K.L.:
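Input: one structure, supplied below.
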Protein chains: 2
Amino acid sequence: MKVAWAGSPEAFEVCDRMAKLVANDPVFEKFSKPMLGRKELFKNTLRKAAHAWKLFNDLHLTEEEAKWLRHYIDEPNYTDLHWEMFVPALEGQCTEEQKKKWLPLAKTMQIIGTYAQTELGHGSNVQGLETTATFDRQTEEFVIHSPTLTSSKWWPGGLAKVATHAIVYARLIIDGHFHGVNGFIVQIRSLEDHSPLPGITVGDIGMKFGHGTYNTMDNGVAKFDHVRIPRDQMLMRVSQVTKEGKYVKSNVPRQVGYATMVSVRQTIVADASKALSRAVCIATRYSAVRRQFGSRNGGPETQVIDYKTQQNRLFPLLASAFAFRFASNWLKSLYTDLKQRLQVNDFSTLPEAHACTAGLKSLTTAATAEGIEECRKLCGGHGYLISSGLPELFAFYVPACTYEGENVVMLLQVARFLVKTVSDLGNKQPVGTAAYLGRVAPLTQKNCVVQTAEDWLNPGAIVEAFEARAARMAASCCQRLAEYKSPEEGFAELSADLVEASLAHCQVIVVSTFIRRLQQDIPGKGVKQALEVLCYVYALFLLHKHQGDFLATGYLTPKQASLANDQLRTLYSKVRPNAIALVDSFNHTDHYLSSVLGCYDGNVYPKLYEAAMKDPLNDSDIPDGIRQYVQPILKQKLHSAKL
Amino acid sequence: MKVAWAGSPEAFEVCDRMAKLVANDPVFEKFSKPMLGRKELFKNTLRKAAHAWKLFNDLHLTEEEAKWLRHYIDEPNYTDLHWEMFVPALEGQCTEEQKKKWLPLAKTMQIIGTYAQTELGHGSNVQGLETTATFDRQTEEFVIHSPTLTSSKWWPGGLAKVATHAIVYARLIIDGHFHGVNGFIVQIRSLEDHSPLPGITVGDIGMKFGHGTYNTMDNGVAKFDHVRIPRDQMLMRVSQVTKEGKYVKSNVPRQVGYATMVSVRQTIVADASKALSRAVCIATRYSAVRRQFGSRNGGPETQVIDYKTQQNRLFPLLASAFAFRFASNWLKSLYTDLKQRLQVNDFSTLPEAHACTAGLKSLTTAATAEGIEECRKLCGGHGYLISSGLPELFAFYVPACTYEGENVVMLLQVARFLVKTVSDLGNKQPVGTAAYLGRVAPLTQKNCVVQTAEDWLNPGAIVEAFEARAARMAASCCQRLAEYKSPEEGFAELSADLVEASLAHCQVIVVSTFIRRLQQDIPGKGVKQALEVLCYVYALFLLHKHQGDFLATGYLTPKQASLANDQLRTLYSKVRPNAIALVDSFNHTDHYLSSVLGCYDGNVYPKLYEAAMKDPLNDSDIPDGIRQYVQPILKQKLHSAKL
């Protein structure tokens, strides 16, 4: 099962090795994080990042290994932006000549870069950015300028205190004409003494949700006051400005940028499965240790994992972690396929691939954020302690719902794709994950044939149910859109319904991917059987949760929906004996989990006690403040006390 | 509307006065909290508590005013436990003689108390507590003892460092016989020098979710090693131990304790509406300032509050804040009625009142916790900043889902009540909030008569729909329970479905209470109309969210459910023009909200910037760590650097 989770024996080996490397290195200790002030926290993270870079060089790690090393250090810092945004942007948007200049500097970290797109007043709508880059023909320079407070760059990680360079997105202006938003390489700090360059006001945007989480990172704000950069620091692969000030598009299609977006979102889906697996691992282990009620004849109380209410909240999340894992693995292959197609100017699958990744980004991050908090609640009161690891995991994870495409905006993009696909059915057969929409007519006529709870243990029945519900919802939206004066007005008015239709479509993808994965060979005794149970749990849980859709579209009868729920209860009993083994298969180290509730040895209570004793407040029986502010009350002398 | 929200002109006046008193007093400043370490945070809170107690005495505040003062200080501390748990427990569980001794000490704070029930290994199941209180006939003492690590008292606020006394719950043992769990007054610390008394090991349980939140409070752990207390420190109103070691029940019925529980849970429901109203106020104001997409001809972008997707997430939460407010006001009258009945030994309404408060506690806290996080997401990226106020509000609020009755355990208690009520229908007519279950037969036969979207604007249609759905779900559960060998086995197996039936029942209560409130006189121009719109939004949003139940039980047709959704969209357009005025009616001061996104003047961006600049990391352009850990990387001298 460990291999099935990791994806391959090789992948397992690399992850396992990197996880242990981090877990056994005292520099990467995490426990004290919540007790550090902002400055100490930041400094501590800089130290870890330097140590990691040293390890990378000393151990001659591959890029893959380095990525996992950063992952297991589990602490956001400037190198994330440098490696995951700055370097890929250089690779994807520079000309060959530019690459020759910038990539060696970046790859040896002689410069440290960040990615400055979002502004204080502008997020999702990139075309609304206010920063300007005005071409000065005299000097062959661009003048980067922040005309308003809201045009300040806001959020880029590493920008506040570390980055020497940033890719700054700005509205290109030549002779008063606007030529869209383009990227520019702007030096932020002196490579000598690290001070900000003239004309650049830069700082930290302040603390964020949680203790450690993103507070280890110096997310920054930057204002530019007519900062000049040479003409060749515009990212010029797709379009460039000539010496003469002419804006010229190259023969590289703009769409190549989409491949990067697909790649980033694939990573986000993979991260969702990892984050959810951490939370589920903690909650499952703790649920097997914790006992409550149900003692008979003075014997021990019942393990809370044996309660159906606990199983009904926990096991679907366990199943979701696997579902998202397989979805992300499959997205990787989609990305490879797309990249190959784009290289030969085949854009035919692009809209479908784009909608699919946008949708899965939204579905998996929303479910993971909710799932982590649910796992925290499943740990009862102790889940509220920082030492449970869950509050920090939640606070760390939630921005995934907002960054790289806000989740509702993503589902609206999927909705546009669905509406277009359904409207074009006469002319164009949909492909890939949207292929089932080509069968919207039969899917609308045919109803579910399930007659017993057992009948639901059938991949065909499951897939058809999800496809029929999604196709009917999409078709119904299209019909209703037609009743409005303009498509835009209809789209705005029905947007909440369109979002629901999009979610139904995304669920088709995740459920089908899980099922297709199980149709492949899966080695290991009982592994496939255990995964099949989880697959049905995932699908039938969703079916129950959204039974309103299934019933409203008329595909299911109430009786059939109720049978699905009966089957789901039976499946929980099949998950129960494997639950601990399943979460062990994630192969999470105690260091990575950093949870006293989720340790491998299950020794929860002594660990909770030990963690508590380390709180700074326990340095003294009578901490500072008691003599000054409590004793005068007790001794009725408050009137004369100095407060 | 401000008066409608506050409940009465008098209530408005007191709240307004106390809120301003706190907002204008520099001692109660909150902004710096997230930047303080644990010890400074704790000390700062002790100072605020002392200052508040001084104000109470100097200004001769009433208890009601003092309660609001503590509320607006908005910082958990030991006085919460003292006033809200310790003093009421003394009042409710002491004999008259005991009260004479202890209450004057507690009310003048010559002693500071806490409430020690929960143990490290035992939460919801009070009967499972392990701490023992063994009667020693020789000395007429109880010996309080923690026999195991898991029996350590864990969580009591104020216990770790402040409280001088605690009410400790323990298993009473006389001559080796167990006499149930009872409460005992145990002195924890010396009144002279504040050091813990011999035999008592006490400390802080460590940091909790969020920065300020409950980290201002010293939630504690205590272990007792054969600690002796006099016999008269057992709480003896309901039962006592005589000098001779006889366990005697008094003529005070045990059930009086339930009145306290109803009172505490009423407060929790009121707090839910307050917390949700804060989040909604911030998100609504920010949504009116924030603009994104939709710019036409270079004009400003669209206010995000104008998007239907935003309205569909935000307005139901605005409506919920009002719904919970009216539910809590009504619960107050339920409590008054119950208290009067219990005084004359009338227990007839107790099960119904108990189920009703347990259920509303669960419904409102779960919806509020989710709602706050939803509001945070509705503020996009900036909602992730501590300065938005929302992360801290969430972290502060979520334990309400767990304490004072874990939410799922609460719904299972409601389920037991529902099952009993339906099973007894032949013999006993249900009363109060369960009265509609007496009409389960007609509610099962009759179907909804709605034919147009307009038809849904009818209180009768709404109430009947919610009652029919809840009654049918309860009846169906009862039928299916009968198929199991034993009721207990069936209850365990169907518990997830029972929880859903309970939620449906609780929604009947909240919806009906909202509607009944609107049938009363509500002064103010347009106030009643605006509330009517919100009431329909609340009900129809729930109906859409749970349409699976409404369709599965067969009360609604898909067409009728769809008409409800159409009406909901129309209602959003009616909320929109009033949205800002509605959140202004909460009368929240900027101090109380402590959010740069939610300030009354809407001056969001300058405030965001100003707050950012106060971060300690901005004390210097080149903070500690850069020279040591970043420059060696840039200058390629890492190999010789000391890390």
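Letters A, B, ... are given to chains in the order of the sequence lines, protein chains preceding strands, and every chain is numbered from 1. Note that the coordinates shown come from a computational prediction; the quantities given were computed from them, not determined experimentally.
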K.L.:
Restricting to ring-ring contact (aromatic ring centres under 6.0 Å, His included), what partner residues turn up for A:H194, sequence neighbours left out?
P.N.:
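Per chain and number, A:H194 pairs via ring-ring contact (aromatic ring centres under 6.0 Å, His included) with no residue.
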
K.L.:
Name the member of B:E373, B:H546, B:R627, B:Q311 that forms the most heavy-atom pairs with chain A at distances under 4.5 Å.
P.N.:
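Maximum pair count with chain A is reached by B:E373.
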
K.L.:
What part of A:S562 is in contact with chain B, defined as an atom under 4.5 angstrom from a non-hydrogen atom: side chain, backbone, both or neither?
P.N.:
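For A:S562, neither part sits under 4.5 Å from chain B.
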
K.L.:
Show the nearest heavy-atom pair for residues B:K208 and A:H211, with the distance to one decimal.
P.N.:
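Smallest heavy-atom distance, with atoms named: O-NE2, 3.9 Å.
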
K.L.:
Tell me, for A:Y609 versus chain B, whether the close heavy atoms (under 4.5 Å) come from the side chain, the backbone, both or neither.
P.N.:
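The answer is both parts of A:Y609.
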
K.L.:
Report which part of B:W155 has an atom under 4.5 Å of a heavy atom belonging to chain A: side chain, backbone, both, or neither.
P.N.:
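Just the side chain, heavy atoms under 4.5 Å.
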
K.L.:
Pick from A:N312, A:L378, A:T309: which one makes a side-chain contact (heavy atoms from CB on, under 4.5 Å) with B:V408?
P.N.:
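Running side-chain contact (heavy atoms from CB on, under 4.5 Å) over A:N312, A:L378, A:T309 with B:V408 returns exactly one hit, A:T309.
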
K.L.:
Under 4.5 Å heavy-atom distance to chain A, tell me which part of B:N125 shows up: side chain, backbone, both or neither.
P.N.:
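Both backbone and side chain of B:N125 come within 4.5 Å of chain A.
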
K.L.:
Considering non-hydrogen atoms only, spot the tightest contact between B:R569 and A:E493 and give its length.
P.N.:
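Of all heavy-atom pairs spanning B:R569 and A:E493, the closest is CD-O, 3.0 Å.
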
K.L.:
Tell me, for B:N219 versus chain A, whether the close heavy atoms (under 4.5 Å) come from the side chain, the backbone, both or neither.
P.N.:
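No part of B:N219 comes within 4.5 Å of chain A.
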
K.L.:
Is chain A contacted by the side chain of B:K48, its backbone, both, or neither, given a heavy-atom distance below 4.5 Å?
P.N.:
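No part of it gets close to chain A.
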
K.L.:
Answer with side chain, backbone, both or neither: which region of A:F550 has an atom nearer than 4.5 Å to a non-hydrogen atom of chain B?
P.N.:
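Answer is neither: A:F550 stays 4.5 Å or more from chain B.
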
K.L.:
With a 4.5 Å heavy-atom cut-off, do B:R38 and A:M35 have their side chains touching?
P.N.:
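Result no, sub-4.5 Å side-chain heavy-atom pair not found.
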
K.L.:
Would a 4.5 Å heavy-atom cut-off, applied to side chains only, mark B:H51 and A:L638 as touching?
P.N.:
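No, too far: nothing below the 4.5 Å cut-off.
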
K.L.:
About how many Å separate OG1 of A:T45 and OH of B:Y629, when rounded to the nearest 0.5 Å?
P.N.:
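Spacing of OH (B:Y629) from OG1 (A:T45) equals 11.0 Å.
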
K.L.:
Less than 4.5 Å to any heavy atom of chain B: does that hold for the side chain of A:L412, its backbone, both, or neither?
P.N.:
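Only the side chain of A:L412 comes within 4.5 Å of chain B.
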
K.L.:
Most heavy-atom pairs under 4.5 angstrom with chain B, which of A:I633, A:V27, A:T402?
P.N.:
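Greatest number of close heavy-atom pairs with chain B: A:I633.
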
K.L.:
Using heavy-atom distances under 4.5 Å, tell me whether B:A492 contacts chain A through its side chain, its backbone, both, or neither.
P.N.:
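For B:A492, the backbone is the part near chain A, not the side chain.
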
K.L.:
Using non-hydrogen atoms and a 4.5 Å limit, figure out which bit of A:E488 sits close to chain B: side chain, backbone, both or neither.
P.N.:
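When you check distances to chain B, no heavy atom of A:E488 falls under 4.5 Å.
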
K.L.:
With a 4.5 angstrom heavy-atom cut-off, could you sort out which part of A:R376 is near chain B: side chain, backbone, both or neither?
P.N.:
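The side chain, not the backbone.
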
K.L.:
List the atom of B:P558, the atom of A:A552, and the distance in Å for their closest heavy-atom pair.
P.N.:
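Looking at all heavy atoms of both residues, the shortest contact is CB-O, 3.5 Å.
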
K.L.:
Is chain A contacted by the side chain of B:R291, its backbone, both, or neither, given a heavy-atom distance below 4.5 Å?
P.N.:
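The backbone, not the side chain.
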
K.L.:
Is chain A contacted by the side chain of B:Y78, its backbone, both, or neither, given a heavy-atom distance below 4.5 Å?
P.N.:
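The answer is the side chain of B:Y78.
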
K.L.:
Strictly distance-based, threshold 3.5 Å: is any side-chain N or O of B:Q636 a donor or acceptor partner for the main-chain N or O of A:T108?
P.N.:
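Here the side-chain-to-backbone pair exists.
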
K.L.:
Would you give the length of the straight line joining atom CE of A:M613 to atom CG of B:D204, rounded to the nearest 0.5 angstrom?
P.N.:
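Here the interatomic distance stands at 7.5 Å.
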
K.L.:
Measure A:P196 against the heavy atoms of chain B and call it side chain, backbone, both or neither at under 4.5 Å.
P.N.:
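Side chain of A:P196 only, per the 4.5 Å heavy-atom cut-off to chain B.
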
K.L.:
Please find the pair of heavy atoms, one from A:G548 and one from B:L551, that lie closest to each other, and give the distance.
P.N.:
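Nearest heavy atoms, A:G548 then B:L551: O-CD1, 3.6 Å.
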
K.L.:
Near B:K559 NZ, under 6.0 Å, is it more than 12 heavy atoms from other residues, nucleotides or ligands?
P.N.:
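Atom NZ in B:K559 is not packed in, count stays at 12 or less.
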
K.L.:
Using heavy-atom distances under 4.5 Å, tell me whether A:D619 contacts chain B through its side chain, its backbone, both, or neither.
P.N.:
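Side chain of A:D619 only, per the 4.5 Å heavy-atom cut-off to chain B.
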
K.L.:
Less than 4.5 Å apart, side chain to side chain, heavy atoms only: is that true for B:S495 and A:Y307?
P.N.:
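B:S495 does not reach A:Y307 side chain to side chain.
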
K.L.:
Just by distance, do the side chain of B:K161 and the backbone of A:L617 share a donor-acceptor pair under 3.5 Å?
P.N.:
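Answer holds: yes.
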
K.L.:
Which atoms of A:D566 are under 4.5 Å from chain B, going by heavy atoms: the side chain, the backbone, both sets, or neither?
P.N.:
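When you check distances to chain B, only side chain atoms of A:D566 fall under 4.5 Å.
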
K.L.:
May I ask you to test the B:T164-A:L634 pair for a side-chain heavy-atom distance under 4.5 Å?
P.N.:
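The answer is yes; the side chains approach within 4.5 Å.
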
K.L.:
May I ask you to check whether A:F394 and B:F394 place their ring centres under 6.0 Å from each other?
P.N.:
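Ring-ring flag for B:F394/A:F394: true, centres closer than 6.0 Å.
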
K.L.:
Can you tell me which portion of A:T213 sits under 4.5 Å from chain B's heavy atoms? Options are side chain, backbone, both or neither.
P.N.:
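Just the side chain, heavy atoms under 4.5 Å.
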
K.L.:
As an exercise: rank B:A49, B:A496, B:P616, B:P399 by heavy-atom pairs under 4.5 Å with chain A and give me the winner.
P.N.:
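Top count of heavy-atom pairs under 4.5 Å with chain A: B:P399.
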
K.L.:
Within the 4.5 Å heavy-atom criterion, are A:Q628 and B:K43 side-chain neighbours or not?
P.N.:
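Side-chain contact under 4.5 Å: yes.
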
K.L.:
Just so I understand: if I count every heavy-atom pair under 4.5 Å between each of A:K223, A:Q127, A:R189 and chain B, which residue has the most?
P.N.:
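Counting heavy-atom pairs under 4.5 Å, the top option is A:K223.
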
K.L.:
Can you tell me which portion of B:F42 sits under 4.5 Å from chain A's heavy atoms? Options are side chain, backbone, both or neither.
P.N.:
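Just the side chain, heavy atoms under 4.5 Å.
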
K.L.:
Quick check for you: to the nearest 0.5 Å, what is the distance between B:R290 atom CZ and A:T150 atom OG1?
P.N.:
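So the gap between those two atoms works out to 9.5 Å.
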
K.L.:
Does the pair B:D497 and A:N565 meet the rule for a side-chain contact (heavy atoms from CB on, under 4.5 Å), with working shown?
P.N.:
CA-CA 9 Å; B:D497 305 73; A:N565 199 31; 2.7 Å; yes

K.L.:
Using heavy-atom distances under 4.5 Å, tell me whether A:Q110 contacts chain B through its side chain, its backbone, both, or neither.
P.N.:
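For A:Q110, heavy atoms of backbone and side chain both lie under 4.5 Å from chain B.
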
K.L.:
For B:L149, is it the side chain, the backbone, both or neither that has a heavy atom under 4.5 Å from a heavy atom of chain A?
P.N.:
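Only the side chain of B:L149 comes within 4.5 Å of chain A.
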
K.L.:
Going by heavy atoms in the side chains, are A:W154 and B:L385 under 4.5 Å from each other?
P.N.:
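A side-chain contact under 4.5 Å exists here.
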
K.L.:
Enter the distance from A:I205:CD1 to B:Y384:OH here, rounded to the nearest 0.5 Å.
P.N.:
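Here the interatomic distance stands at 10.5 Å.
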
K.L.:
Using non-hydrogen atoms and a 4.5 Å limit, figure out which bit of A:P606 sits close to chain B: side chain, backbone, both or neither.
P.N.:
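The answer is both parts of A:P606.
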
K.L.:
Return the option, out of B:G203, B:P34, B:G37, B:G381, with the maximum number of heavy-atom pairs under 4.5 Å with chain A.
P.N.:
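Most heavy-atom pairs under 4.5 Å with chain A: B:G381.
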
K.L.:
Report yes if some heavy atom in the side chain of B:D549 is under 4.5 Å from a heavy atom in the side chain of A:Q547; otherwise report no.
P.N.:
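Yes. Closest side-chain heavy atoms under 4.5 Å.
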
K.L.:
Which pair of heavy atoms, one from B:L643 and one from A:R47, lies closest together, and at what distance?
P.N.:
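Of all heavy-atom pairs spanning B:L643 and A:R47, the closest is C-NE, 3.5 Å.
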
K.L.:
So what's closer than 4.5 Å to chain A heavy atoms on B:Q310: side chain, backbone, both or neither?
P.N.:
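Neither part.
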
K.L.:
Less than 4.5 Å to any heavy atom of chain A: does that hold for the side chain of B:E500, its backbone, both, or neither?
P.N.:
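It is the side chain, since no backbone atom gets that close.
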
K.L.:
Can you say whether A:H382 sits under 4.5 Å from chain B via the side chain, the backbone, both, or neither, judging by heavy atoms?
P.N.:
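Both parts, backbone and side chain.
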
K.L.:
Find the distance between CG (A:D218) and CG (B:D615) and round it off to the nearest 0.5 Å.
P.N.:
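A:D218 atom CG to B:D615 atom CG measures 10.5 Å (nearest 0.5 Å).
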
K.L.:
Which bit of A:K635 comes within less than 4.5 Å of chain B, counting heavy atoms only: side chain, backbone, both or neither?
P.N.:
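For A:K635, the contact with chain B is made by the side chain alone.
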
K.L.:
Rounded at 0.5 Å granularity, tell me how far OG in A:S124 sits from CD in B:Q292.
P.N.:
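These two atoms lie 5.0 Å from each other.
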
K.L.:
Taking side chain as everything from C-beta outward and backbone as N, CA, C, O, which of these in B:I622 sits under 4.5 Å from a heavy atom of chain A? Side chain, backbone, both or neither.
P.N.:
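Side chain only.
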
K.L.:
Taking the side chain as C-beta and beyond, is there a heavy-atom pair between B:E40 and A:D624 under 4.5 Å?
P.N.:
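They are not in side-chain contact.
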
